[in-house]
Number of protein chains: 2
Amino acid sequence: MGGITVLLVDDHLVVRSGLRALLATQPDMDVVAEASSGEEALQLVRSHAPAVVVMDLAMGPGMDGIEAIRQIRNLGTGQSVLVFTTYDSDADIVRAVDSGAMGYLLKDAAPEEIFAAIRGAVQGRSVMSPPVASRLFQQMRNPDEVLTPREAELLSLLTEGLSNRELGRRLFISEATVKTHLAHIYAKLGVDTRAAAIATAIRREGMR
Amino acid sequence: MGGITVLLVDDHLVVRSGLRALLATQPDMDVVAEASSGEEALQLVRSHAPAVVVMDLAMGPGMDGIEAIRQIRNLGTGQSVLVFTTYDSDADIVRAVDSGAMGYLLKDAAPEEIFAAIRGAVQGRSVMSPPVASRLFQQMRNPDEVLTPREAELLSLLTEGLSNRELGRRLFISEATVKTHLAHIYAKLGVDTRAAAIATAIRREGMR
DNA sequence: GCTGCCCTCAGCCTTTTGGCTGATATGGCC
DNA sequence: GGCCATATCAGCCAAAAGGCTGAGGGCAGC
């Protein structure tokens with residue numbers, strides 16, 4: 001006892017079981033609860049007050065991981081949240097860090113990496129997987145390539161296959177404005193067609 | 001002993017641990033080995049001759065799950081392969097079944113579902129998650145919506161954002177032929193722009 | 001108060017795309 | 001042999017998208 005109390009949040013039971021099994025090998029860590037949704041996570045944080053929350057970002061319908069992180073941070077009860085997810089999309093990383101995540105691990109991380117991140121989190125140190133760190137670094141070096149909120153909104157709709165006219169209707173702006181936004185988006189993503197933009201958005205920005 | 005011997009194949013250690021922990025609760029099942037790649041899986045099938053192989057489809061670089069299934073089946077040593085993956089894309093399901101998979105489970109499946117699938121597999125029964133089954137059924141009802149090999153090839157390149165001209169060059173066909181294929185693809189996917197086709201391809205057909 | 005960024009819009013012109021119709025060749029299947 | 005699916009190509013036309021220039025309003029920061 002007296003170890004680091006951990007709450008696991010993932011909608012896949014196998015992943016929770018796997019994490020639980022891994023953490024069981026560490027004498028200083030105790031998994032005190034598991035949640036399969038953002039809503040459930042919030043409740044369990046309240047009732048168990050764990051030191052660290054290990055959370056997936058993608059969790060089916062309902063509250064997503066980002067929102068869950070935000071709300072947990074808003075409780076003001078001092079939990080450190082570690083993101084543990086499959087994808088390292090630029091957008092997800094930025095949003096997670098913005099929401100107050102203390103670390104960002106990929107699911108193919110080595111056990112030691114996971115342990116180190118959890119221990120670091122309780123000490124206020126931020127730990128992230130190398131690929132994640134390099135992406136963050138990349139973003140900081142080229143702030144010109146970061147999409148504005150409006151652009152991100154448009155890109156998100158773009159990935160649904162809408163035409164400029166439809167995009168305009170959806171966003172209550174003229175087709176001319178849509179084209180302006182698109183031109184900016186193309187420049188930032190380094191493409192020159194909407195098709196390539198969609199491909200890049202889904203693959204690199206993680207807009208599924 | 002004397003239980004069902006199982007080989008786990010997944011590039012994520014947590015998932016393997018989770019499955020191992022789950023299967024450990026079943027007296028009639030023994031995880032005899034774990035692999036983190038298709039190549040490794042093939043080796044371990046040879047050396048351990050498990051009764052069932054539980055395999056993820058997405059596994060980083062190298063041999064993918066589909067190819068691994070095909071090669072395991074080609075060994076002729078009688079292994080039943082169960083797909084255990086996150087996504088239920090039409091293309092993946094069809095290809096997995098074509099390659100000789102005995103079942104197709106999603107990672108959010110309940111433990112009982114997993115156990116039943118493994119027991120079913122050794123008895124020659126095919127078990128799949130309800131969403132997967134319904135997709136297969138859907139495909140069988142509307143064979144008109146199945147893409148031809150050439151169309152699938154083109155669609156795959158399309159998701160990389162290529163123009164018609166580039167597609168033609170890549171496939172050594174004229175732009176006119178590209179347009180013909182695209183028209184057929186649009187019809188089968190139920191869309192009318194390349195943007196929507198890309199969106200659908202990535203989301204429904206799982207062309208990541 | 002000026003500067004810079006974001007969001008908005010317009011016009012013009014070229015390229016690309018999509019819809020349509022029709023045609024040829026190939027290979028498998030009955 | 002005839003049928004059918006697949007793959008290949010052409011031409012024509014309308015619609016959509018993309019590149020370019022220019023411009024106005026709002027708002028934060030210095």
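Chain A is the first sequence line, chain B the second, and so forth, proteins listed ahead of strands; every chain is numbered from 1.
Separating the NE2 atom of B:H184 from the C1' atom of D:dA5 is a distance of 11 Å, rounded to the nearest angstrom. Between B:K179 atom NZ and D:dT8 atom C1' the separation is 15 Å, expressed in whole Å. The distance between atom CZ of B:R150 and atom C1' of D:dT8, rounded to the nearest whole Å, is 9 Å. Summarising the geometry, the separation between CD on B:E175 and P on D:dC12 is reported as 16 Å, rounded to the nearest angstrom. The distance from atom NE2 of B:H181 to atom C1' of C:dG19 is 17 Å, rounded to the nearest whole Å. Distance, A:E151 CD to C:dC5 P: 13 Å, rounded to whole Å. Rounded to whole angstrom, the span from the OH atom of A:Y186 across to the P atom of D:dG18 amounts to 3 Å. The CZ-P distance, from A:F172 to C:dC7, rounds to 17 Å in whole Å.
Across all non-hydrogen atoms, the minimal contact from A:V45 to A:L75 is CG1-CD1, 3.7 Å. Considering every non-hydrogen atom in both A:A33 and A:L7, the closest pair reads O-CD1, 3.3 Å. Between A:L23 and A:F115, the shortest heavy-atom contact is CD2-CE2, 3.7 Å. Scanning all heavy atoms of the two residues, the minimum distance from A:L105 to A:I114 falls at CD1-CA, 3.9 Å.
Note on A:R194: every side-chain N or O is 4.0 Å or more away from OP1 and OP2 of D:dA16. Put simply, A:N164 has no side-chain N or O that comes within less than 4.0 Å of OP1 or OP2 on D:dA16. Listed pair B:R165 / C:dT17 fails the phosphate criterion, with no side-chain N or O lying under 4.0 Å from OP1 or OP2. Remark: B:T177 is in phosphate contact with D:dC9, judged by side-chain N or O atoms under 4.0 Å from OP1 or OP2. Here B:S174 reaches the OP1 or OP2 of D:dC9: one of its side-chain N or O atoms lies under 4.0 Å away.
For CZ of B:R119, the number of neighbouring non-hydrogen atoms (other residues, nucleotides, ligands) closer than 6.0 Å is greater than 12.
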### Task
Starting from the C-alpha separation in whole Å, work towards a yes-or-no answer on side chain to side chain contact (heavy atoms under 4.5 Å, CB included) for B:V9 and B:M59.
CA-CA 9 Å; B:V9 189; B:M59 282 185 306; 3.6 Å; yes

#### Entry: Candidate pair A:R169 and A:E166, rule salt bridge (charged side-chain N to carboxylate O under 4.0 Å, His left out), full reasoning
CA-CA 5 Å; A:R169 265 204 285 269; A:E166 292 167 323; 5.8 Å; no

### Task
Would you please test B:V15 and B:F84 for side chain to side chain contact (heavy atoms under 4.5 Å, CB included) and show each step?
CA-CA 10 Å; B:V15 174; B:F84 184 67; 4.2 Å; yes

### Message
Under the criterion salt bridge (charged side-chain N to carboxylate O under 4.0 Å, His left out), I'd like the reasoning laid out for B:R70 against B:D64: C-alpha separation, chi angles, the key distance, then a yes or no.
### Response
CA-CA 10 Å; B:R70 206 183 309 275; B:D64 71 348; over 6 Å; no

### Task
Show your working on side chain to side chain contact (heavy atoms under 4.5 Å, CB included) between A:K107 and B:D11 and close with a plain yes or no.
CA-CA 9 Å; A:K107 281 194 178 165; B:D11 60 335; over 6 Å; no

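Proximity note for A:I173 (side chain, C-beta onward) versus D:dG19, C:dG19, C:dC9: the nearest is C:dC9. The side chain of B:T148 lies closest to D:dA7 when the candidates are D:dA7, C:dT8, D:dT8.
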Any N/O pairs under 3.5 Å between the protein and nucleotides 22-26 of chain C? List them or say none.
none

Write out a two-atom table: protein N or O, nucleotide N or O from nucleotides 25-29 of chain D, distance below 3.5 Å.
none

